[in-house]
Amino acid sequence: MTEAVRFHFSVDGDDFSSAGQASVQVKKSLRQLGISPETIRRVSVAMYEGEINMVIHAGGGYADVLVFEDHIEIQLVDQGPGIADIELAMQEGFSTAPDNIRSLGFGAGMGLPNMKRYTDSMEIESKLGEGTKITMRVNL
Amino acid sequence: MKIAQIKELLNAEVICGEDLEREVYSACGSDMMSDVLAYVKDQAVLLTGLVNPQVVRTAEMMDMLCIVFVRSKTPTQEMIELASCSGMVLMKTDKRMYEACGKLYAHGLCGNGEVR
């Protein structure tokens, strides 16, 4: 397989208003690569929700997007508190986000379910006190 | 429905964006951005009472063409700049969410692209 195109981003955990900048950048880059608009939307929404989660819960982290010949992989890595119960976190409507985040339009318990909804596969590896790694794949 | 017609129906003021002749096919009224990210279809308009940069980013992620701020909420300069970068139209109306959505729905603009 030809080598993947990789985009790497550092997600700033201190500034909620700038969250999503990496996703906007990914959207532009994928457009330049000639990826279809529907696929771009799926990738960028999944990554955007992930970015927001990293800012709300984990104090930021790193996001990598790898474009292969037949799929796009999104890796989100943080060193936050970890997810105690992944099954529970995956339920629509379950949220541990603080009230101030809800007043900003997030924290409705839709982030992880949306990430799963828009991708073909999603794996969550998480350890309490160490962090979380989420790997998502969107087929081309 | 053309963006120009939305402006007329809601007696809205255009804050930025010039192309009011573009067609939108569905609408979403919400202050919860994750709900917007979950359900909205292509070429939509967002009606919201929420004002922060994530509103514009959410709309951008969903390829939305227009955001209408209800209850005379006014977007910040940062939001206007973000919207201008992606060619999005921002408008504000003094109508409340229920009334604004109702007017658009009654004139044929559906929720999730369904045909009435």
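The figures that follow rest on heavy atoms only: side chains count, while hydrogens, waters and symmetry mates do not. In the text below, chain A, chain B and the rest are named by the order of the sequence lines, each starting its count at 1.
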Query - CD/B:Q5: more than 12 non-hydrogen atoms of other groups inside 6.0 Å - result: yes
Query raised in the report: Would you find more than 12 non-hydrogen atoms of other residues, nucleotides or ligands less than 6.0 Å from A:E87 atom CD?
Result: no
Query raised in the report: Does OH belonging to A:Y62 count more than 12 external heavy atoms closer than 6.0 Å?
Result: no
Query raised in the report: Which one of B:M32, B:R57, B:M33 has the most heavy-atom pairs closer than 4.5 Å to chain A?
Result: B:R57
Requested in this report: Give the C-alpha distance, both sets of side-chain angles, the deciding distance and a yes or no for side chain to side chain contact (heavy atoms under 4.5 Å, CB included) between B:M61 and A:R41.
Outcome: CA-CA 6 Å; B:M61 289 302 142; A:R41 191 187 319 165; 5.8 Å; no
Query raised in the report: Is it the side chain or the backbone of A:Q21 that comes within 4.5 Å of chain B heavy atoms, both, or neither?
Result: both
Query - Pairing of A:K27 and B:D63 as salt bridge, 4.0 angstrom limit - result: yes
Report summary line: For B:L37 and A:V45 the tightest heavy-atom approach is CD2-CG1, 3.9 Å
Query raised in the report: Is A:L128 linked to A:I86 within one hydrophobic cluster, defined over Ile, Leu, Val, Met, Phe, Trp and Tyr using a side-chain heavy-atom separation of less than 4.5 Å?
Result: no
Query raised in the report: Is it true that A:I124 and A:L88 fall in one hydrophobic cluster, defined by side-chain heavy atoms closer than 4.5 Å?
Result: no
Report task. Select one option (side chain, backbone, both, neither) describing which atoms of A:I40 are under 4.5 Å from chain B's heavy atoms. Result -> neither
**Report entry** Derivation and outcome, side chain to side chain contact (heavy atoms under 4.5 Å, CB included), residues B:T58 and A:F106
**Finding:** CA-CA 11 Å; B:T58 296; A:F106 287 88; 3.8 Å; yes
Report summary line: So OH of A:Y48 and CD of B:E60: to nearest 0.5 Å the spacing works out to 9.5 Å
Requested in this report: For residues A:N114 and B:S34, determine if any side-chain heavy atom of one lies less than 4.5 Å from a side-chain heavy atom of the other.
Outcome: yes
Query raised in the report: At what distance, to the nearest 0.5 angstrom, does NZ of A:K28 lie from SG of B:C85?
Result: 6.0 Å
Requested in this report: Flag yes if more than 12 heavy atoms outside A:K116 fall under 6.0 Å of its NZ atom; otherwise flag no.
Outcome: no
Requested in this report: Assess whether atom CZ of A:R102 is packed by more than 12 heavy atoms of other residues, nucleotides or ligands within 6.0 Å.
Outcome: yes
Requested in this report: Decide whether A:I83 and A:F94 are clustered together by the hydrophobic rule: side chain heavy atoms of Ile, Leu, Val, Met, Phe, Trp, Tyr closer than 4.5 Å, transitively.
Outcome: no
Query raised in the report: Is there a donor-acceptor pair closer than 3.5 Å between any side-chain N or O of B:Q54 and the backbone N or O of A:F16?
Result: yes
Query raised in the report: Given the options A:P37, A:S44, A:G105, A:G109, which has more heavy-atom pairs under 4.5 Å with chain B than any of the others?
Result: A:G105
